[in-house]
Asker: 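Take a look at the following structure, please.
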Amino acid sequence: MAKHYDQYCPVARAAEILAERWTLLVLRELLWGEERFNGIARGVPRMSPSLLATRLRELQRAGLLRRDMVDDEPRYRLTQAGLELRPVLEQMGAWGVRWIHDLRSDDFDPAMLLIDMKREARSSRLPETATAVQLYFRDARSGQQRWWLVLSRSGGLDACDTDPGFAVSVWVETDVPTLTRVWMGDMSWAAALRDGLLTVAGDTAACRALPQWLDVSPFAAVERAEVGLHRPH
């Protein structure tokens with residue numbers, strides 16, 4: 001972190017630590033509960049492992065992170081200074097939803113979407129017994145088209161790209177942008193079904209309950225500005 005603004009301003013001092021490329025996204029993963037290197041890496045798939053290792057060392061030197069060994073495996077855990085960034089990142093996310101409406105084709109990633117759904121799943125909304133859902137993303141690249149979700153109150157929401165061996169109760173076919181927009185609250189589940197952008201088949205009761213099980217992002221409730229900002233190219 002060699003960026004210095006040479007200003008007493010606290011915003012400038014904070015930016016010297018936080019404004020480096022990828023740093024806020026690494027902090028997002030840590031704040032959202034990831035501790036293992038590979039778990040953090042899954043949340044920043046376009047970041048090289050070497051750069052991730054560098055950012056983690058920088059955050060450790062800055063005092064936002066500590067590296068603990070658990071069963072001979074490193075775990076990355078935020079210090080109090082790091083934990084206090086949660087409302088900052090939540091407010092940034094809300095600002096992004098409110099003001100930046102345009103999404104590009106490169107923004108849509110089924111793995112990232114399901115990671116987000118998994119960590120935000122509320123056990124109280126999930127079925128009491130383990131229930132499997134198969135997703136088919138018709139627009140995803142080879143190897144990322146079929147996913148399986150296993151949902152239960154005791155186990156939360158688990159997502160995998162290989163068949164976990166459970167009998168499937170619900171089959172869903174859609175595209176990644178549609179389910180992303182439903183998740184983010186920009187389109188209702190009912191509208192996606194009505195317009196043929198999403199189809200559901202299987203056990204009737206499970207099909208009806210699925211929107212409640214998957215819920216929506218915490219950012220879905222953010223009111224959108226009437227006219228949004230333009231993202232830089």
Asker: Quick one: CZ on R75 to CE on M69, what's the gap to the nearest 0.5 Å?
Answerer: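 It is 9.5 Å, given to the nearest 0.5 Å.
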Asker: Nearest 0.5 Å, please: how far is CE in M112 from CE in M117?
Answerer: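 Rounded to the nearest 0.5 Å, the CE-CE separation comes to 12.0 Å.
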Asker: Just how far is it from atom CD1 of I40 to atom CD of E34, taken to the nearest 0.5 Å?
Answerer: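 Answer rounded to 0.5 Å: 7.0 Å.
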Asker: State, with a plain yes or no, whether a side-chain heavy atom of W22 is found less than 4.5 Å away from one of L51.
Answerer: yes
Asker: Are the side chain of D195 and the backbone of L197 linked by a donor-acceptor contact shorter than 3.5 Å?
Answerer: no
Asker: Under a 4.0 Å N-O cut-off, is there an ion pair linking D116 with K118?
Answerer: no
Asker: Are side-chain heavy atoms of T79 and L65 found at a separation under 4.5 Å?
Answerer: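 T79 vs L65: side chains apart.
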Asker: Please determine if R119 and E29 form a salt bridge, counting it only when a charged side-chain N lies under 4.0 Å from a carboxylate O.
Answerer: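 So R119 pairs with E29 through a salt bridge.
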Asker: Pairs under 3.5 angstrom only: tabulate donor-acceptor contacts from the side chains of residues 200-213 to other protein residues two or more places apart or in another chain.
Answerer:
| unit_1 | atom_1 | unit_2 | atom_2 | d |
| --- | --- | --- | --- | --- |
| D203 | OD2 | A205 | N | 3.3 |
| D203 | OD2 | A206 | N | 2.9 |

Asker: What are the two closest non-hydrogen atoms of S188 and V182, and how far apart are they?
Answerer: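 Shortest heavy-atom separation between S188 and V182 comes out as O-CG2, 4.1 Å.
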Asker: At what distance, to the nearest 0.5 angstrom, does CG of L214 lie from CG of L151?
Answerer: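 One gets 6.5 Å once the value is rounded to the nearest 0.5 Å.
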Asker: Answer yes or no: is there a side-chain heavy-atom contact under 4.5 Å between L59 and L27?
Answerer: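 SC-SC contact between L59 and L27 confirmed.
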Asker: Kindly determine whether L114 and L149 satisfy side-chain contact (heavy atoms from CB on, under 4.5 Å), including the steps that lead there.
Answerer: CA-CA 9 Å; L114 296 178; L149 308 179; 4.1 Å; yes
Asker: Could you grab the distance from atom CZ of R86 to atom CG of L30, nearest 0.5 Å is fine?
Answerer: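 So the gap between those two atoms works out to 10.5 Å.
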Asker: Start with the C-alpha distance between W95 and I100, add both sets of side-chain angles, then the distance that settles side-chain contact (heavy atoms from CB on, under 4.5 Å), and finish with yes or no.
Answerer: CA-CA 8 Å; W95 183 90; I100 305 175; 3.6 Å; yes
Asker: Give the table of side-chain donor-acceptor pairs shorter than 3.5 Å for residues 153-170, with sequence neighbours excluded, one pair per line with atom names and distance.
Answerer:
| unit_1 | atom_1 | unit_2 | atom_2 | d |
| --- | --- | --- | --- | --- |
| R153 | NE | L126 | O | 2.8 |
| D163 | OD1 | G165 | N | 2.9 |

Asker: Just by modelled atom types, is the V222 backbone N or O under 3.5 Å from a matching donor or acceptor in the R224 side chain?
Answerer: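 Yes; judged by distance alone, with no hydrogens or angles, the pair exists.
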Asker: Please check: side-chain N/O of R28 versus main-chain N/O of G43, any donor-acceptor pairing under 3.5 Å?
Answerer: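 Yes: the side chain of R28 pairs with the backbone of G43.
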Asker: Between R55 and E58, is the closest basic N to carboxylate O distance under 4.0 Å?
Answerer: yes
Asker: Any side-chain heavy-atom pair from T129 and S152 closer than 4.5 angstrom?
Answerer: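 Result no, sub-4.5 Å side-chain heavy-atom pair not found.
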Asker: E120 versus W183: any side-chain heavy-atom pair under 4.5 Å?
Answerer: yes
Asker: Walk me through whether R181 and T178 qualify under side-chain hydrogen bond (donor to acceptor under 3.5 Å, both in side chains).
Answerer: CA-CA 5 Å; R181 290 189 172 102; T178 293; 5.8 Å; no
Asker: Should L52 and F37 be marked as a side-chain contact (heavy atoms from CB on, under 4.5 Å) after you check the CA-CA gap, both sets of side-chain angles, and the distance that decides it?
Answerer: CA-CA 8 Å; L52 174 56; F37 186 93; 3.6 Å; yes
Asker: Look at the side-chain heavy atoms of Ile, Leu, Val, Met, Phe, Trp and Tyr, link any pair under 4.5 Å apart, and say whether V44 and I115 land in one connected group.
Answerer: no
Asker: Could you please spell out the steps behind the side-chain contact (heavy atoms from CB on, under 4.5 Å) verdict for R77 and V70?
Answerer: CA-CA 12 Å; R77 292 166 174 168; V70 179; 3.8 Å; yes
Asker: Hey, is CZ on R138 packed in by over 12 heavy atoms from elsewhere, all under 6.0 Å?
Answerer: yes
Asker: Under 4.5 Å between any side-chain heavy atoms of T174 and F137, yes or no?
Answerer: yes
Asker: Is the closest side-chain heavy-atom distance between M184 and F219 below 4.5 Å?
Answerer: yes
Asker: Does M92 share a hydrophobic cluster with V26, counting links as ILVMFWY side-chain heavy atoms below 4.5 Å and allowing steps through other members?
Answerer: yes
Asker: Determine whether a donor-acceptor pair (N or O, by modelled atom type, separation under 3.5 Å) exists between the side chain of T131 and the backbone of P127.
Answerer: no
Asker: To check you understand the geometry: which heavy-atom pair defines the closest contact between H101 and A225, and what is its length?
Answerer: CE1-O, 2.9 Å
Asker: For A81 and G63, work out which heavy atoms get closest and say how close.
Answerer: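 Shortest heavy-atom separation between A81 and G63 comes out as CB-O, 4.2 Å.
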Asker: Does some side-chain heavy atom of L64 sit less than 4.5 Å from a side-chain heavy atom of L83?
Answerer: no
Asker: Quick check: closest heavy atoms across R66 and L78, and the distance to 0.1 Å?
Answerer: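 So the two residues come closest at NH1-O, 3.8 Å.
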Asker: Give, for atom CG of L25 and atom CG of L89, the distance between the pair rounded to the nearest 0.5 Å.
Answerer: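 Answer rounded to 0.5 Å: 8.5 Å.
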Asker: Taking NZ, NE, NH1 and NH2 as the nitrogens, is one of them in D6 or R13 under 4.0 Å from a carboxylate oxygen of the other?
Answerer: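 No salt bridge links D6 with R13.
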Asker: Measure across A130 and V150 and return the closest heavy-atom pair with its distance rounded to 0.1 Å.
Answerer: CB-CG1, 4.2 Å
Asker: Has E223 got more than 12 heavy atoms of other residues, nucleotides or ligands less than 6.0 Å from its CD?
Answerer: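 Atom CD in E223 is not crowded, with 12 or fewer foreign heavy atoms closer than 6.0 Å.
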Asker: Could you state whether V88 and W99 fall into the same hydrophobic cluster, counting links through intermediate Ile, Leu, Val, Met, Phe, Trp or Tyr residues with side-chain heavy atoms under 4.5 angstrom apart?
Answerer: no
Asker: With a cut-off of 6.0 Å (strictly less than), are more than 12 heavy atoms of other residues, nucleotides or ligands near CZ of R46?
Answerer: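 For R46, atom CZ is not crowded (no more than 12 foreign heavy atoms under 6.0 Å).
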